[in-house]
Amino acid sequence: MDLRDKSFFEKVYEVVRLIPRGRVATYGDIAAFIGQPGAAKMVGWAMNASHTAYPPVPAHRVVNRNGLLSGKHHFHPPELMIRLLENENVEVDNDKIKNFSKLVWQPMKELKY
DNA sequence: GCAATGACTGGAG
DNA sequence: CCTCCAGCCATTG
């Protein structure tokens, strides 16, 4: 798979890299921002291949709409995701982001196009 | 090109 | 906040 060319994946990566340190974003918001609302699953799919992207993508800042770390099982080890978040002062409780509603970063609203 | 897949989501209960 | 359901769409076999 040539991720070198511009694609859905690369758009996702760009947005994810814009997520401020200590903040998190949802798959749906990212998908909507790149003009493909409803393609939230594709964002997750992109994250699945994000390890091949460069510069690295802070995939640990991307969670589902409930603030649940749905993708932690894709990290090695899974606890790494939580460790990275806590390292940014993001509190995690039982695989969920505490104060999620306040930490969530929405490109649509933050960047306001 | 059809069928299955998946780190999802919004609405309803 | 949780569960269940139907819809979502790029990528893969």
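The chains referred to below are lettered A, B, ... by the order of the sequence lines, with proteins before strands, and numbering in each begins at 1. Everything numeric in this text was worked out from a predicted model, so none of it was measured.
Distances were taken from every side-chain heavy atom of A:W45 (C-beta onward) to each of B:dA7, C:dT11, B:dC8; the shortest belongs to C:dT11. For A:F8, the listed nucleotide lying nearest its side chain is C:dT11; candidates were B:dA7, C:dG7, C:dT11. If you check B:dA7, C:dA10, C:dT11 against the side chain of A:Q36, the one that comes closest is C:dA10.
Distance CD1 (A:I34) to C1' (C:dC8): 14 Å, rounded to an integer number of Å. In this entry the distance linking NZ of A:K41 with P of B:dC8 reads 8 Å, nearest Å. Across the protein-nucleic acid pair, A:N94 atom CG and C:dC1 atom C1' stand 13 Å apart, rounded to whole Å.
Note on A:T26: every side-chain N or O is 4.0 Å or more away from OP1 and OP2 of B:dC8.
Hydrophobic clustering places A:Y27 together with A:M108 (ILVMFWY residues linked when any side-chain heavy atoms are closer than 4.5 Å, directly or through intermediates).
Looking only at side-chain heavy atoms (C-beta outward), A:H74 and A:M81 stay at 4.5 Å or farther from each other.
For residues 89-98 of chain A, the pairs satisfying side-chain hydrogen bond (donor to acceptor under 3.5 Å, both in side chains) are A:K72-A:D95, with sequence neighbours left out.
Each of A:G38 and A:N66 has a nearest nucleotide on DNA chain C; the 5'-most of these lies closest to A:N66. Place A:P37 and A:K96 on DNA chain C by their nearest nucleotides, and A:K96 ends up nearer the 5' end.
A:N99 contributes no side-chain N or O that, together with a main-chain N or O of A:L103, makes up a donor-acceptor pair within less than 3.5 Å. No donor-acceptor pair under 3.5 Å is formed between the side chain of A:R61 and the backbone N or O of A:W105.
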Please enumerate all protein N or O atoms sitting under 3.5 Å from an N or O of nucleotides 10-13 of chain B, with distances to 0.1 Å.
from	atom 1	to	atom 2	distance (Å)
B:dG10	N7	A:R65	NH1	2.7
B:dG10	N7	A:R65	NH2	3.1

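Using a 4.0 Å heavy-atom criterion, one finds that A:A46 contacts no nucleic acid atom at all.
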Sequence neighbours excluded and cut-off under 3.5 Å, please list the side-chain donor-acceptor pairs for residues 28-45 of chain A, or say none.
from	atom 1	to	atom 2	distance (Å)
A:D29	OD2	A:T26	OG1	3.1
A:D29	OD2	A:Q106	NE2	3.2

